[in-house]
Amino acid sequence: MRTTDDQRQQAEDRIRAAMDRLLRGEIPPSGRCDLKTLAAQAGVNRTGFYPKEGRPGPFQHLAEEFTRRRDLLQQAGTIPDPREAQITRLKEENTNLRRRLHERDTEVQELTDFRQRAISRLAAQHLEIENLRQQLSNGSHQPVTHLPHPRRTTTLGPC
């Protein structure tokens with residue numbers, strides 16, 4: 001059955017109205033900002049948006065207009081499809097979280113290395129103290145020349 005000019009004009013009007021709604025971000029819960037949803041919202045068969053047997057589809061010019069306008073909105077940073085906006089936001093969040101995780105891993109490794117050096121130094125100091133105590137308890141009262149002056153403070157610096 002052939003459509004009349006009046007029917008075709010009504011279909012184009014419905015497509016344009018649906019196009020405007022979709023591009024404003026009024027996406028139905030099960031839809032996207034695409035030609036399939038546009039056809040469903042306008043109540044037309046989506047095959048009308050595509051060429052057939054070398055001839056342009058009756059609504060192909062509207063499909064091209066819709067795609068062009070959607071792409072312009074996306075390039076301008078206004079994404080009409082909430083799912084696309086969510087995907088973009090989640091990708092950025094994922095990148096940020098991966099960066100933060102790497103920074104934390106680096107910090108944990110540095111702190112672990114510092115802790116290991118501090119424990120090693122404490123163990124060496126403990127052994128030295130034990131050796132000195134042993135020397136004192138054996139009655140050996142020889143002056144120890146390799147100890148730091150009592151008023152000096154030592155810090156745990158790099159090994």
- Message: Whether Glu64 and Arg68 form a salt bridge (side-chain N of Lys/Arg under 4.0 Å from carboxylate O of Asp/Glu) is what I want to check.
- Response: no
- Query: Can you list the steps and then say if Thr47 with Lys52 is a side chain to side chain contact (heavy atoms under 4.5 Å, CB included)?
  - Reply: CA-CA 8 Å; Thr47 59; Lys52 184 176 181 182; over 6 Å; no
- Between the CD atom in Glu53 and the CZ atom in Arg55, the distance rounded to the nearest 0.5 Å is 5.5 Å
- Task: Answer whether the closest heavy-atom distance between the side chains of Arg69 and Asp20 falls below 4.5 Å.
- Result: yes
- Tell me, please, which residues at least two apart from Gln75 pass side-chain hydrogen bond (donor to acceptor under 3.5 Å, both in side chains). none
- Does the side chain of Phe59 reach to within under 4.5 Å of the side chain of Glu12, using non-hydrogen atoms? yes
- Task: May I ask you to test the Pro56-His61 pair for a side-chain heavy-atom distance under 4.5 Å?
- Result: no
- Roughly how far apart are Ile129 CD1 and Leu122 CG, rounded to 0.5 Å? 9.5 Å
- Note on the structure: Taken in chain and number order and not counting sequence neighbours, the residues that satisfy salt bridge (charged side-chain N to carboxylate O under 4.0 Å, His left out) with Arg100 are none
- Return the minimal non-hydrogen interatomic distance between Ala18 and Gln41, and the atom names on each side. CB-CB, 3.8 Å
- Expected output: side-chain Arg117 to main-chain Thr112 donor-acceptor under 3.5 Å: no
- Note on the structure: Output for pair (Asn94 CG, Ile87 CD1), nearest 0.5 Å, gives 13.0 Å
- Message: Rounded to the nearest 0.5 Å, what separates atom OG1 in Thr67 from atom CG in Leu72?
- Response: 11.0 Å
- Could you go through the salt bridge (Lys or Arg N to Asp or Glu O under 4.0 Å) check for Asp34 and Arg46 one step at a time? CA-CA 11 Å; Asp34 60 5; Arg46 73 177 167 166; over 6 Å; no
- Asn131 CG: over 12 foreign heavy atoms closer than 6.0 Å: yes
- Student check: side-chain heavy atoms of Leu23 and Met19 closer than 4.5 Å: yes
- Item | CG-CG distance between Leu38 and Leu62, expressed to the nearest 0.5 angstrom | 8.0 Å
- Give, for atom CZ of Arg32 and atom CD1 of Ile27, the distance between the pair rounded to the nearest 0.5 Å. 9.5 Å
- Checking side chain to side chain donor-acceptor pair (under 3.5 Å) against Asn96, which of Arg99, Glu93, Arg98, Glu92 comes through? Arg99
- Item | Heavy-atom check, side chain of Thr37 versus side chain of Ser30, under 4.5 Å | no
- Residue of the set Gln9, Gln10, Arg16 for which side chain to side chain donor-acceptor pair (under 3.5 Å) holds with Asp13: Gln9
- Are the side chains of Phe66 and Cys33 in touch, meaning some heavy atoms are under 4.5 Å apart? yes
- Do the side-chain N and O atoms of Gln109 and Asp105 include a donor-acceptor pair separated by under 3.5 angstrom? no
- Please check if any side-chain donor atom of Thr4 sits under 3.5 Å from a side-chain acceptor atom of Asp6, or the reverse. no
